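Here's the structure, in structure tokens; my notes come after.
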Amino acid sequence: MLVISDSAEMQRQALAWRAEGRRIAVVPTMGALHEGHRSLIRIARARAERVIVTLFVNPTQFGPGEDFDRYPRCFERDRAMCEADGVDAVFAPSVAAMYAPDHSTWVEETTLSRGLCGASRPGHFRGVATVVVKLFMLTQPHLAVFGEKDAQQLRVVRRVVRDLNLPVEIVAAPTVREADGLAMSSRNAYLTPNERRQAVALRRALDEAERRFAAGEREAAALREAIAAMIRRLAPAATPDYIEIVDDETLEPIDTVDRPALVAIAVRFPSARLIDNTVLRPAGGAR
Ligand code: AMP
């Protein structure tokens, strides 16, 4: 397995694989790999001849006061995991290797990025879109795998790829969960034992919304209240950041679930902010 930290070297290697006619998949990550990331790597492995995993804690997607400095970094462990999973190259650049001191070019998606995490984390998706396009230029992938766990990110990346005509297929991977339902996340490591017990509330709340939807509830307000009540009950230490039901394509809030709807939640525990989501699909809906 190649371990590359230099941007020009990464691009040379990717172009060499392209010249040999190899199909390249990239899995962009911020490291601190867990089973969620590994599932993405397996999907990439099954679909491409060369798999590149990028490990980069991207400063431009963190706001002031967010967790950039304390974000877990465990390169040796990540490297070993990638090697065990048959990855062909790990690209782990420094911040300086990715951003010139006078970097001044940004990729900004201006519609899907506005609500949900975009509202609570101004500038976050501009950082994500910019680094994803840069990583695509450096790794020259035919396809890239992203997790449904970060539902808004996945939709923003698809929109950027469409709008900028990037020749990259975006593959979505289902959310991998702990035994109690908590979506795996590198940030779960921040949780205190008490918060960790309460964190199951996110998935339980989504289960409750799914159950009511299956029983015929279509009013977004009622579904949102059911989610809020479950979080209040199971996670008293948490403050909801948002509980939203939005059109799955436009990410605009909807009143009635008469078309595929993304149910997205974010809650803040004292030690970590967690997100989760599900999609509700009415049978015979408009889409
Ligand atoms: P991150 O390292 O958190 O930036 O995540 C890198 C990629 O892994 C993103 O596409 C995430 O959506 C995806 N991912 C993170 N956690 C999970 C999970 N529990 N299940 C599936 N994919 C995930």
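Just so you know, residue 1 is the first one in the sequence shown, and it goes up from there. In listed order, ligands and their atoms are each counted from 1. Atoms considered below: every heavy atom in the structure, side chains included; atoms not considered: hydrogens, waters and symmetry mates. Please read these numbers as outputs of a predicted model, since none were measured by experiment.
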Test side chain to side chain contact (heavy atoms under 4.5 Å, CB included) applied to I265 - qualifying residues, sequence neighbours left out: L202, L206, I227, I231, I243, D276

Residue Q153 vicinity, atoms of ligand 1 by number, heavy atom under 4.0 Å: 9 (C), 10 (O)

Among all protein heavy atoms, pick out the one at the shortest distance from atom 10 (O) of ligand 1; state its residue, atom name and that distance to 0.1 Å. G147 N, 2.9 Å

Students should be able to answer this: which protein heavy-atom is nearest to atom 20 (N) of ligand 1, and at what distance? V176 N, 2.8 Å

Using modelled atom types and a 3.5 Å cut-off, is there a donor and acceptor pairing between side-chain atoms of D88 and backbone atoms of I52? no

Just heavy atoms, cut-off under 4.0 Å: does E148 contact ligand 1 by side chain, backbone, both, or neither? neither

Could you tell me whether S185 approaches ligand 1 through its side chain, its backbone, both or neither, with non-hydrogen atoms closer than 4.0 Å? neither

Indicate yes or no: does an N/O atom of M184 lie under 3.5 Å from an N/O atom of ligand 1? yes

By the ring-ring contact (aromatic ring centres under 6.0 Å, His included) test, which pairs, at least two apart or in different chains, include something from residues 135-157? none

Regarding atom 18 (C) of ligand 1: of the candidates G36, G31, A183, which has the closest heavy atom? G36

Using 4.0 Å as the upper bound for N to carboxylate O, is an ion pair formed by E208 and R204? no

With heavy-atom distances below 4.0 Å as the criterion, list the atoms of ligand 1 near F146. 10 (O)

Using a strict cut-off of 4.0 Å, indicate which atoms of ligand 1 neighbour a heavy atom of P28. 6 (C), 7 (C)

Heavy-atom distances under 4.0 Å are what count here, so tell me which part of V27 touches ligand 1: side chain, backbone, both or neither. neither

Who's closest to atom 16 (N) of ligand 1 heavy-atom-wise, of H37, H34, M30? H34

Select one of side chain, backbone, both or neither to describe which atoms of P174 lie under 4.0 Å from any atom of ligand 1, heavy atoms only. backbone

